[in-house]
Asker: 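I'd like to ask some things about the structure below.
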Amino acid sequence: MITVNGTAISEADLGAEAARHQGAEDPMMSAAHELVLRELLRQRAAELGIAEPDAEAAVRAVLAAEVKTPAADEDTCRRYFEQHLERFMTGESVEVSHILFQLTPRIDPQRLRAHATGILNGLLAGREDFAECARRYSNCPSGAGGGQLGELRRGDAVEEFERAVFSLPGDTLAPRLIDTRYGFHIVRTGRKQAGEPGEYEAVKPMIASWLEAASRRRAESQYLQWLVGQARIRGVAMQGADTPLVQ
């Protein structure tokens, strides 16, 4: 049984929450962590005298009251812009085809990587046809069209895929697999169009929003670790912090 400062989390609640975590590596553990954190925040709301009509509203109110993050200042925004100029190019594009080997909780990542690497080696050696391999192996709907994603611009794909693709020359088969949150990709580029540097003032609000969101996520994570560190939790291992959150 899991208890949080003496309050029990029922098996029924755990089972119901686990159904919403089926994409996790360990759905029951993920659900247990979620319920523990939710209970800690509920208890904290009671300590702070926060009365909200539902649990989600109470969680938001606690985090708003307890987690403070500074606004992104001019120097921070400009430094981010200058360190990530490639992200703010305008007019840059590249034609991309890929073969996706999708990772799921039931698939062994090492076996999947070995399988994808074998196919990539066949393509690099000229023994295999890219479009045919895409139709045969890809877990992306684009596989039916030979793996063609069309022309991509900055911001069209997840960051790790975009970063790797735009670092390749045009008309190139990537010599290594590209790892993303979705799995492993074999990638081939087509025509590549160079871009122009973006204007700082035009993207400054977007940069500030990104930086403030990232700062808030870090601060909320630290706050939750602090709550865990102060609590008596039985029945599940949780990572906590021994010292209060320093803002």
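Throughout, residue positions are numbered sequentially from 1 according to the sequence presented.
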Asker: Would Arg60 and Glu52 pass as an ion pair if we require N to O under 4.0 Å?
Answerer: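 No salt bridge links Arg60 with Glu52.
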Asker: With sequence neighbours excluded, give me every salt bridge (Lys or Arg N to Asp or Glu O under 4.0 Å) pair touching residues 142-156.
Answerer: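 Every salt bridge (Lys or Arg N to Asp or Glu O under 4.0 Å) pair that includes a residue of residues 142-156, provided the two are not neighbours, is Glu92-Arg154, Glu151-Arg153, Glu151-Arg191, Arg154-Glu162.
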Asker: Quick check: is Trp210 connected to Val67 through a chain of hydrophobic side chains (ILVMFWY, heavy atoms under 4.5 Å apart)?
Answerer: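 No; tracing contacts between hydrophobic side chains, which count when under 4.5 Å, never links both residues.
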Asker: Any side-chain heavy atom of Arg113 within less than 4.5 Å of one from Leu177?
Answerer: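 They are in side-chain contact.
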Asker: Report yes if some heavy atom in the side chain of Leu14 is under 4.5 Å from a heavy atom in the side chain of Met28; otherwise report no.
Answerer: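 A side-chain contact exists here, since the closest heavy-atom pair is under 4.5 Å.
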Asker: Can you tell me if Tyr182 has over 12 outside heavy atoms packed within less than 6.0 Å of its OH?
Answerer: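 Result for OH/Tyr182: open.
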Asker: When rounded to the nearest 0.5 angstrom, what distance separates CG in Leu149 from OG in Ser97?
Answerer: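 Reported to 0.5 Å precision, the distance equals 6.5 Å.
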Asker: Please examine the side chains of Leu227 and Leu37, heavy atoms only from C-beta on, and report whether any two atoms are closer than 4.5 Å.
Answerer: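 Heavy-atom side-chain distance check fails, nothing below 4.5 Å.
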Asker: Quick one: does Gln43's side chain have a donor or acceptor within less than 3.5 Å of a partner on Val4's backbone?
Answerer: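 Yes.
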Asker: Could you go step by step and tell me if Glu128 and Ile119 meet the side-chain contact (heavy atoms from CB on, under 4.5 Å) rule?
Answerer: CA-CA 8 Å; Glu128 302 282 358; Ile119 294 169; 5.6 Å; no
Asker: Check step by step if side-chain contact (heavy atoms from CB on, under 4.5 Å) holds for Thr76 and Leu211.
Answerer: CA-CA 9 Å; Thr76 303; Leu211 293 176; 3.7 Å; yes
Asker: Would you say Trp226 and Ile50 are hydrophobically clustered, going by side-chain heavy atoms of ILVMFWY under 4.5 Å?
Answerer: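 Yes, same cluster.
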Asker: Would you say that Ile9 contacts Thr3 through its side chain, given a criterion of any heavy-atom pair below 4.5 Å between the two side chains?
Answerer: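 With C-beta onward as the side chain, the pair stays apart.
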Asker: Any donor and acceptor pair, going by atom type alone, linking the side chain of Thr172 with main-chain N or O of Thr189 inside 3.5 Å?
Answerer: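 Between the backbone of Thr189 and the side chain of Thr172 there is no qualifying donor-acceptor contact (under 3.5 Å).
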Asker: Do the ring centers of Phe88 and His84 come within less than 6.0 Å of each other?
Answerer: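 No; His84 has its ring centre 6.0 Å or more from that of Phe88.
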Asker: If you take all heavy atoms of Glu212 and Pro70, which pair is closest and at what distance?
Answerer: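 That would be CG-O, 4.2 Å.
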Asker: Give the minimum heavy-atom separation between Gly143 and Ser138, together with the two atoms involved.
Answerer: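 Gly143 and Ser138 have their closest heavy atoms at CA-CB, 4.0 Å.
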Asker: Would you say the side-chain atoms of His33 pair up with the backbone N or O of Ala237, donor to acceptor, closer than 3.5 Å?
Answerer: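 At least one qualifying donor-acceptor pair exists.
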Asker: Are Arg20 and Glu17 close enough for a salt bridge, meaning some N to O gap below 4.0 Å?
Answerer: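 Looking at Arg20 and Glu17, the cut-off is met.
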Asker: Test of understanding: clusters of I, L, V, M, F, W, Y form through side-chain heavy atoms closer than 4.5 Å, transitively. Do Met1 and Val236 belong to the same one?
Answerer: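 No.
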Asker: Minimum heavy-atom separation for Leu124 to Pro175, with atom names?
Answerer: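 Minimum heavy-atom contact is CD1-O, 3.8 Å.
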Asker: So does Phe184 get a backbone contact from the side chain of Asp179, meaning a donor-acceptor N/O pair under 3.5 Å?
Answerer: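 Flag not set: sc Asp179 to bb Phe184 has no pair under 3.5 Å.
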Asker: For the side chain of Lys68 and the backbone of Ala219, is there at least one donor-acceptor N/O pair under 3.5 Å apart?
Answerer: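 Absent.
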Asker: Identify whether the distance between the nearest side-chain nitrogen and carboxylate oxygen of Arg42 and Glu39 falls below 4.0 Å.
Answerer: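 Looking at Glu39 together with Arg42, the answer is yes, because their closest N to O distance falls below 4.0 Å.
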Asker: Enter the distance from Arg232:CZ to Thr7:OG1 here, rounded to the nearest 0.5 Å.
Answerer: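 With rounding to 0.5 Å, CZ (Arg232) is 9.0 Å from OG1 (Thr7).
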Asker: Could you tell me if the side chain of Val94 sits less than 4.5 Å from the side chain of Leu168, heavy atoms only?
Answerer: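 No, their side chains stay 4.5 Å or more apart.
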Asker: First locate atom CG of Leu120, then atom CZ of Arg188, and finally report the distance between them rounded to the nearest 0.5 Å.
Answerer: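 Reported to 0.5 Å precision, the distance equals 12.5 Å.
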Asker: Should we count CD of Glu160 as having more than 12 external heavy atoms under 6.0 Å?
Answerer: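 Atom CD in Glu160 is packed in, count exceeds 12.
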Asker: With rounding to the nearest 0.5 Å, note down the distance linking CG in Asn5 to CD1 in Ile233.
Answerer: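 Interatomic distance, Asn5 CG to Ile233 CD1, rounded to 0.5 Å: 7.0 Å.
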Asker: Enter the distance from Asp171:CG to Glu95:CD here, rounded to the nearest 0.5 Å.
Answerer: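 Atom-to-atom, Asp171:CG and Glu95:CD are 8.0 Å apart.
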Asker: Checking Lys204 against Glu201 for the salt bridge (charged side-chain N to carboxylate O under 4.0 Å, His left out) test, could you report, in this order, the C-alpha distance in whole Å, the side-chain angles of both residues, the deciding distance, and whether it holds?
Answerer: CA-CA 5 Å; Lys204 177 184 172 183; Glu201 291 299 331; 5.0 Å; no
Asker: When you compare the side chain of Val203 with that of Tyr80, does any pair of heavy atoms fall below 4.5 Å?
Answerer: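 In short, these two side chains do not touch, never coming nearer than 4.5 Å.
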Asker: Looking only at heavy atoms, which two atoms of Ile178 and Ala164 are closest? And how far apart?
Answerer: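 Closest pair (atom of Ile178, atom of Ala164, distance): CD1-CB, 3.5 Å.
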Asker: According to a 4.5 Å side-chain heavy-atom criterion applied to Ile, Leu, Val, Met, Phe, Trp and Tyr, with indirect links allowed, do Phe130 and Val187 form part of one hydrophobic cluster?
Answerer: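 No, Phe130 and Val187 fall in different hydrophobic clusters.
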Asker: Are Ile186 and Leu173 close enough that some pair of their side-chain heavy atoms sits under 4.5 Å apart?
Answerer: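 Yes. Closest side-chain heavy atoms under 4.5 Å.
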Asker: Please report the C-alpha distance between Leu48 and Glu66 in whole Å, then the side-chain angles of each, then the deciding distance to 0.1 Å, and finally whether the side-chain contact (heavy atoms from CB on, under 4.5 Å) criterion is met.
Answerer: CA-CA 10 Å; Leu48 296 174; Glu66 301 263 88; 3.9 Å; yes
Asker: If you look at every heavy atom in Ala72 and Cys77, which pair is closest and at what distance?
Answerer: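 Smallest heavy-atom distance, with atoms named: CB-SG, 3.8 Å.
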Asker: Is there a donor-acceptor contact under 3.5 Å from the side chain of Gln102 to the main chain of Gly183?
Answerer: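 A pair under 3.5 Å: no.
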Asker: With a 4.0 Å cut-off on N to O distance, would you call Glu132 and Arg135 a salt bridge?
Answerer: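 Looking at Arg135 together with Glu132, the answer is yes, because their closest N to O distance falls below 4.0 Å.
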Asker: Would you call the rings of Tyr137 and His115 parallel, tilted or perpendicular if under 30° counts as parallel and over 60° as perpendicular?
Answerer: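 Perpendicular: the ring planes of Tyr137 and His115 meet at over 60°.
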Asker: Are Leu112 and Phe161 linked, directly or through other ILVMFWY residues, by side chains that come within less than 4.5 angstrom of each other?
Answerer: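 No; tracing contacts between hydrophobic side chains, which count when under 4.5 Å, never links both residues.
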Asker: Looking at Arg216, I want to see if its CZ is surrounded by more than 12 non-hydrogen atoms of other residues, nucleotides or ligands under 6.0 Å.
Answerer: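 Enclosed: over 12 neighbouring heavy atoms sit under 6.0 Å from CZ of Arg216.
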Asker: For Leu40 and Ala231, work out which heavy atoms get closest and say how close.
Answerer: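 So the minimum-distance heavy-atom pair works out to CD2-CB, 3.5 Å.
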Asker: Could you walk me through whether Thr117 and Phe101 pass the side-chain contact (heavy atoms from CB on, under 4.5 Å) check?
Answerer: CA-CA 10 Å; Thr117 299; Phe101 300 86; over 6 Å; no
